[in-house]
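Here is the structure we will look at.
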Amino acid sequence: MQQGPQYPYPQQPYPQQQYPGYPPPKSGGKTVLVVVLVVVGVLVLAGAGVGAFFLLTADDKGSTAAPPTTSAAGEPDKYAALPRCSEVGSRMNNLPPLSSDAPAEPATTSDDKIQLSQLSCSWSKAGSSSGTVSMMLAKSNQPGSGNGPGYAKAGYDIEVERGAKPITEKIGKATKAADVDYDSSGTMQCGVRFYQGNVDATVIVTAADTSDKNIERCRRNAHSLAKAASESLS
């Protein structure tokens with residue numbers, strides 16, 4: 001049988017059937033998109049809230065477990081200036097003449113933590129014992145840091161490590177003092193190293209001649225001069 005010409009049928013959409021009493025259905029694609037956007041938004045907000053909660057919680061725990069600490073304040077500087085040599089000598093009897101009464105001057109060994117001033121005194125006379133006093137004032141660049149007193153104490157500690165013998169009796173107002181024996185070409189020399197606040201001091205007494213081997217008398221003289229130096233600080 002011969003078939004006649006075939007014509008394609010036009011594809012026409014079927015009309016949507018509506019039921020009475022119900023509104024026409026909305027587009028399914030748009031509804032899904034709106035629902036997805038709403039869910040994503042809720043999840044994003046919830047995630048941000050959870051993240052903020054953990055951040056705040058971590059901060060709170062960190063501040064509780066490791067609160068900020070402040071460095072402990074050091075010993076304050078006790079002295080702001082050194083005395084004159086004449087003030088030291090005025091507290092002693094029968095001292096030889098004072099060679100110079102120059103005031104303290106800046107030292108060249110200052111650094112970023114302290115400023116140093118030094119005083120050198122000397123009493124001498126032919127045929128009699130002589131004495132010298134050297135003082136170093138350490139002023140802290142940062143008040144309350146304790147660098148000045150720390151410097152003074154370190155000088156004493158080093159002398160003790162080298163063999164100086166701590167003195168049990170009180171030497172003026174000194175914090176700590178120690179006996180230091182020197183040997184200079186057979187001449188007896190007795191010394192005292194002490195620190196007081198932010199001042200480091202060294203006292204040396206030289207016997208009148210090499211035949212004087214009375215170590216106890218030499219030390220008594222050194223103690224007396226160290227006491228005068230200590231009490232002159234104010």
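Residues: numbered from 1 along the sequence shown. Only this structure's heavy atoms are used, side chains among them; waters, hydrogens and symmetry mates stay out.
- L137 belongs to a hydrophobic cluster whose other members, connected by ILVMFWY side-chain contacts under 4.5 Å either directly or through intermediates, are Y79, L82, V88, M92, L95, L98, L119, W123, V133, M135, I167, I171, V192, F194, V199, V203, V205, L225, L233.
- At a threshold of 4.5 Å between non-hydrogen side-chain atoms, the residues I114 and K139 do not count as touching.
- In this structure S230 satisfies the side chain to side chain donor-acceptor pair (under 3.5 Å) test together with Q196, sequence neighbours excluded.
- Contact of the Q115 side chain with the N141 side chain is registered, since non-hydrogen atoms from C-beta on lie closer than 4.5 Å.
- Looking at Y151 and K113, their side chains never come closer than 4.5 Å, going by heavy atoms from C-beta outward.
- Between T206 and S129 the shortest side-chain heavy-atom distance does not fall below 4.5 Å.
- Residues passing the side chain to side chain contact (heavy atoms under 4.5 Å, CB included) test with E105, sequence neighbours excluded: Q118.
- Applying the salt bridge (charged side-chain N to carboxylate O under 4.0 Å, His left out) test to every pair with at least one member in residues 191-205, sequence neighbours left out, gives these pairs: E159-R193, R193-D200.
- Judged purely by atom type and a 3.5 angstrom limit, K170 uses its side chain to pair as donor or acceptor with the backbone of A174.
- Applying the side chain to side chain donor-acceptor pair (under 3.5 Å) rule to pairs touching residues 82-104 yields S86-D101, sequence neighbours excluded.
- Sorted by first and then second residue, the side chain to side chain donor-acceptor pair (under 3.5 Å) pairs with a member in residues 219-229 read D179-H223, D181-R219; sequence neighbours excluded.
- Remark: S140 engages D77, S145, N147, P149 in a side chain to side chain contact (heavy atoms under 4.5 Å, CB included) (not counting sequence neighbours).
- Partners of D157 by side chain to side chain donor-acceptor pair (under 3.5 Å), not counting sequence neighbours, listed by chain and number: K153.
- Residues satisfying the side chain to side chain donor-acceptor pair (under 3.5 Å) test with S130, not counting sequence neighbours, are none.
- Among residue pairs with one or both ends in residues 121-180, those qualifying as disulfide bond (SG atoms under 2.5 Å apart) are C85-C121; sequence neighbours excluded.
- Residues meeting the side chain to side chain donor-acceptor pair (under 3.5 Å) test with N198, sequence neighbours left out: none.
- Atom NZ of K176 sits in a sparse spot, with 12 or fewer heavy atoms from other residues, nucleotides or ligands closer than 6.0 Å.
- Y156 belongs to a hydrophobic cluster with V160, Y195, counting contacts under 4.5 Å between side-chain heavy atoms of Ile, Leu, Val, Met, Phe, Trp and Tyr, direct or through other members.
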